Amino acid sequence: MTKKTEIDHRADLIGLDRDELLRELIAIDEKPFRVKQLWHWMYFQGRKDFSEMTSLAKTSRTNLNNLFKIRRPEVVFNKISNDLARKWLLRYEDGNEVEMVYIPETDRGALCVSSQVGCTLSCSFCHTGTQNIVRNLSPSEIVNQFMLARDHYDEWPTPKDGKRKISNIVLMGMGEPLFNYDNVAKALKIIMDAEGIALSRRRITLSTSGVVPKIKKCGTELGVNLAISLHAVTDDLRDQLVPLNKKWPIAELLRACKEYPAANNARRITFEYVMLKGINDSMTDARELVRLIKGIPAKVNLIPFNPWPGAPFDSSSRKTINQFASIVNKAGYSSPVRNPRGRDILAACGQLKSFSKKPLNTRSKL
Ligand code: SAH
Ligand code: SF4
């Protein structure tokens, strides 16, 4: 763990749902209609300073400022890669750190948000997996990653040129979002709220390594796009690459995908498949993949393995990846090869890691 930042003991308003916000306001004798006003200032206008909330009476502004804060994480650094992906190292008040990445495209861009400090799982190809989990992020810490990025690109309430740089969110940063489901759900509901940030569920993708019991809930309650980190087509291999498979094997995972409430032909489930040289990249694997996902509205994202220091894998060659893609494609599935972004600054998929560590005696097991 790195040095602690100075602690501001005022309670954070970010991350509270409307009912909680109401309770806080009533407790300090503020009127219930302030919830709507505050929500507008915090999540539509993006203001952090109560003194700028001009529709509130001056006494209320002072009152609120004495007791509450609207928190953003501290930025330890932000760097930009050769291909314009940007990575932030963010520090929370207890000194724990996470990474967040912005991946710009021509007319839009995705913000890759973290859901945990580290990850309890240890997929063998993933850098985050080599870091011991420290803790779940709170709803506030998830929402405020996004809010900080909007500050950075000056997009409150709307960008000057009318085009949002941050048009999408992917929960593909550090951590397994479905192992922190309650906090992730609360954060996403705030982000989707129509009177605030109002990002559509169609612009949000949650990626999971396969926490089967939470998949249905995610579809009914949040309705966001689902991405599944599949990476292997036999249980023997997937047990080694994604150890969570021992708990919920491929057949169970795919059953949950078939039943995912928010998927249809217009909104397909993305299967992520990291291409590991000589491990999972044969043409037999490709054919088996196609057989497995039959009947699921799906697309397959082929991800060239992104190296990290000490990683025990190599990426498959471009030729192999293309041949693999063509088999999947001929079977009727779109199978784009993901262009690695931000590799030079270790910002690409699976390269994120912070130096926050969990004390050894509290290490959690699956
Ligand atoms: N824990 C969730 C969310 C993280 S998403 C999950 O695993 O789905 C990060 C994505 O990048 C996952 O699909 C993951 O399997 C993939 N990934 C991890 N390490 C990688 C690496 N070194 N190269 C390419 N992709 C990787
Ligand atoms: Fe955790 Fe996902 Fe990395 Fe696996 S791939 S260790 S689940 S972050």
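Just follow the structure's listing: the first ligand is 1, and inside any ligand the first atom is 1. Here the structure is a predicted model, which means the values were calculated and not measured.
- Which parts of ligand 1 touch Ile303 is read off a 4.0 Å heavy-atom cut-off, strictly below it: atoms 24 (C), 25 (N).
- Inter-residue side-chain proximity for Asp285 and Ser282 is flagged as met; some heavy-atom pair is nearer than 4.5 Å.
- Ordered by chain and residue number, the residues placing a heavy atom less than 4.0 Å from ligand 2 are Cys119, Leu121, Cys123, Cys126, Gly129, Gly175, Ser209.
- At least one heavy atom of His231 sits closer than 4.0 Å to an atom of ligand 1.
- Looking at Glu272 against ligand 1, only its side chain comes within 4.0 Å, counting heavy atoms.
- Less than 4.0 angstrom separates some heavy atom of Trp308 from each of these atoms of ligand 1: 22 (N).
- In this structure, Tyr181 and Leu206 have side chains that are not in contact, with every pair of non-hydrogen atoms separated by 4.5 Å or more.
- Scanning all protein heavy atoms for the shortest distance to atom 18 (C) of ligand 1 gives Gly350 CA, 3.3 Å.
- Annotation: cation-pi geometry not satisfied between Arg47 and Trp41 (NZ/CZ under 6.0 angstrom from ring centroid, within 45° of ring axis).
- When every heavy atom of Tyr43 is checked against every heavy atom of Ile14, the shortest pair comes out as OH-CA, 3.5 Å.
- Ionic pairing of Asp151 and Arg72 is present here: one or more N-O contacts between side-chain nitrogen and carboxylate oxygen are shorter than 4.0 angstrom.
- From the protein, the heavy atom lying nearest to atom 26 (C) of ligand 1 is Cys349 O, 3.6 Å.
- A salt bridge is absent between Glu155 and Lys165: the closest approach of a Lys/Arg side-chain nitrogen to an acidic carboxylate oxygen does not fall below 4.0 angstrom.
- Ligand 1 places these atoms under 4.0 Å from at least one heavy atom of Thr208: 6 (C), 8 (O).
- Of all heavy-atom pairs between Pro139 and Lys186, the closest is CG-CD, 3.8 Å.
- Regarding atom 23 (N) of ligand 1, its nearest protein heavy-atom neighbour is Asn306 N, 2.9 Å.
- When side chains are defined from C-beta on, Leu25 counts as touching Leu38, because their heavy atoms get closer than 4.5 Å.
- For the pair Leu237/Ile279, a side-chain contact is recorded, criterion being any heavy-atom separation below 4.5 Å from C-beta on.
- For atom 2 (C) of ligand 1, the choice among Cys119, Ser115, Ser207, Pro304 with the nearest heavy atom turns out to be Ser207.
- The one candidate from Asn180, Leu188, Thr205, Val224 that meets the side chain to side chain contact (heavy atoms under 4.5 Å, CB included) condition with Leu171 is Leu188.
- Of the N or O atoms in Phe305, none lie within a sub-3.5 Å distance of an N or O in ligand 1.
- In this structure the side chain of Arg18 reaches within 4.5 angstrom of the side chain of Trp39, judged on heavy atoms.
- Here the protein heavy atom with the shortest distance to atom 9 (C) of ligand 1 is Met172 O, 3.6 Å.
- Residue Val274 approaches ligand 1 through these ligand atoms, each under 4.0 Å from one of its heavy atoms: 23 (N), 24 (C), 25 (N).
- His152 has its side chain within reach of Trp88: a pair of non-hydrogen atoms, C-beta onward, lies under 4.5 Å apart.
- Listed by number with element, the atoms of ligand 1 under 4.0 Å from a non-hydrogen atom of Gly173 are 4 (C).
- In this structure, Lys79 is positioned above the aromatic face of Phe77, its NZ or CZ under 6.0 Å from the six-membered ring centre and within 45° of the axis.
- Atom 6 (C) of ligand 1 has its nearest heavy-atom neighbour, among Ser114, Ser229, Gly175, in Ser229.
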